[in-house]
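Report on one structure; see the data block that follows.
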Amino acid sequence: MTTTPSAGRTFPHDFVWGAATASYQIEGAVDEDGRGPSIWDTFAATPGRVLDGHTGTVAADHYHRTAADIAMMRELGLDAYRFSLAWPRIQPIGSGAFNQKGLDFYSTLIDDLLEAGIDPVVTMYHWDLPQALEDAGGWPNRETALRFGDYAAKIVETYADRVTVWTTLNEPWCSAYLGYGSGVHAPGRTDGADALAALHHLNLAHGLGGRAVRDILGDTSQLSLTLNLHVARPDDPESAGDLNAARKIDALANRGFLNPVLDGYYPPDLIEDTKEVTDWSFVKPGDLEITHTGLDVLGVNFYSTQRVRTYTGDHARVMADGHGNAAASPWIAADDVEFLVQPGPYTQMGWNVDPTGMTELLVRLSRTYPDLPMMITENGASFADEVAPDGRVHDVERVSYLARHLDAVGQAMDAGADVRGYFVWSLMDNFEWAYGFHRRFGIVRVDYETLERTWKDSAYWYRELLRTDVLPPVEQAAQLA
Ligand code: FCB
């Protein structure tokens, strides 16, 4: 039996161990207790948008199973639980009246988590925009950011006595470029100028949400933003063309979000690169003061890496990255970038497994922003899990993925990165956006017929890690039940 290189690595005692989910992916109950429709309800109901026509109508039925799910979290030994609030549950049309039953649902969830000794880490927005706001123009419309500011003020006011860590947005890259560029996510629009306007209005929404957090919570607030930053390496680091391709993706995917929030400007090269698509006149005087909130903790989601080069047009363009970069790039002035096939192994998403990217990203961030604490708000893997004859799910590939990435986080910490916590994606199997229920990321299995939860080996392994703060050997996972 091989020993795991990572086994034995110890994490600090105050390291925050968590698990993450998102409202549309787990809750179900889309028509209950006054919830309004979201863009994901509409998108999923549109034939051809989601694999096999799956929708989040029932999802993991978490709305009706919160007590049991919290009991499961307690058994796992979670310090914290990262979840999102469904805006259309709280404010059905995204403006005007708030829905008391929606507010109450999360209030009870928060109380029950605290009662179980689990810190609630709240994401204000994880992609389920009220449909009425999309009908009025969606994220390319500046109004949406202003409406988000009102919604944020209401939720912070409501829960500030119990919640200190507030993440405004989850992965605005996806909302902007997949929602309005490639159209593979809701609302499924394809227009480059809209995608870039969405990027700015999401940054503005972050700023307005951040203001609400700071105004209401003052010094005790932990303002956060979760980004899916990209590690896009040049194919040939000696080639000016390849370096330029990497720079372009870095501007679009990384600095386009980090700079307005942490430094108060948009990267000049991003504005220059995209000038054929938009003139950026949606950035109004004063906006960058609003976006420039700084952060108490940056949320980092990491899954895999990319390899890029400049496309010279002499062959069919390679579009090998499964994250949607390649599909989005023609719309956002990056159609001269090729995304090359990466060496494996791959997860079921087609994403390459490359933990060195995790270390590289965290070290880079810690050098650029030395005083910025970080937490890994998502990391995990989808594999084609099977229930074994013994009724268990022996998901050794997932355990190995988690072990290797946690070791990579540890290496970044050894190199000086200030990483405060780690949230596995995901607590349980759920509606994986355009892939519906065909991709399972959970450490707990959900049977979509019975909605029964079954701990996979990765859950037992994670529990052992949380109990000891020491990475257990991968090959022990099956024995930890
Ligand atoms: C991230 C999303 C999350 C989940 C994982 C696999 O991009 O934030 O909801 O779908 O990917």
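Computed from heavy atoms alone, side chains included, the values below leave out hydrogens, waters and symmetry copies. Both counts, for ligands and for their atoms, begin at 1 and track the order of listing.
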With a distance cut-off below 6.0 Å to the six-membered ring centre and an angular limit of 45° from the axis, does R255 pair with Y266 as a cation-pi contact? no

May I ask you to list the atoms of ligand 1 that are less than 4.0 angstrom from any heavy atom of N170? 8 (O)

Less than 4.5 Å apart, side chain to side chain, heavy atoms only: is that true for T123 and L85? no

The side chain to side chain contact (heavy atoms under 4.5 Å, CB included) partner of L427 among I26, V446, T21 is T21

Reference residue R307; test side chain to side chain contact (heavy atoms under 4.5 Å, CB included); the match among N352, V231, L340, D354: L340

Centroid-centroid distance, F105 to Y63, less than 6.0 Å: yes

Atom indices of ligand 1 within 4.0 angstrom of Y303 heavy atoms, with elements: 5 (C), 6 (C), 11 (O)

Using a 4.0 Å cutoff against the non-hydrogen atoms of W433, which atoms of ligand 1 qualify? 3 (C), 4 (C), 9 (O), 10 (O)

Below 4.0 angstrom from a heavy atom of H126, which ligand 1 atoms are there? Numbered from 1 as shown, please. 2 (C), 3 (C), 8 (O), 9 (O)

Please could you name the atoms of ligand 1 that F441 approaches to less than 4.0 Å, counting only its heavy atoms? 6 (C)

Is the backbone of T144 close enough, under 3.5 Å, to the side chain of N141 for a donor and an acceptor to pair up by distance? no

List the closest protein heavy-atom neighbour of atom 7 (O) of ligand 1: residue, atom name, distance to the nearest 0.1 Å. E171 OE1, 2.5 Å

Check whether any N or O atom of W127, backbone or side chain, sits under 3.5 Å from an N or O atom of ligand 1, and answer yes or no. no

Considering only non-hydrogen protein atoms, determine which one is nearest to atom 3 (C) of ligand 1 and report residue, atom name and distance to 0.1 Å. E378 OE1, 3.3 Å

With a 6.0 Å cut-off on the ring centroids, do W425 and Y303 count as close? no

Between E432 and ligand 1, which part of the residue brings a heavy atom under 4.0 Å of the ligand: side chain, backbone, both or neither? side chain

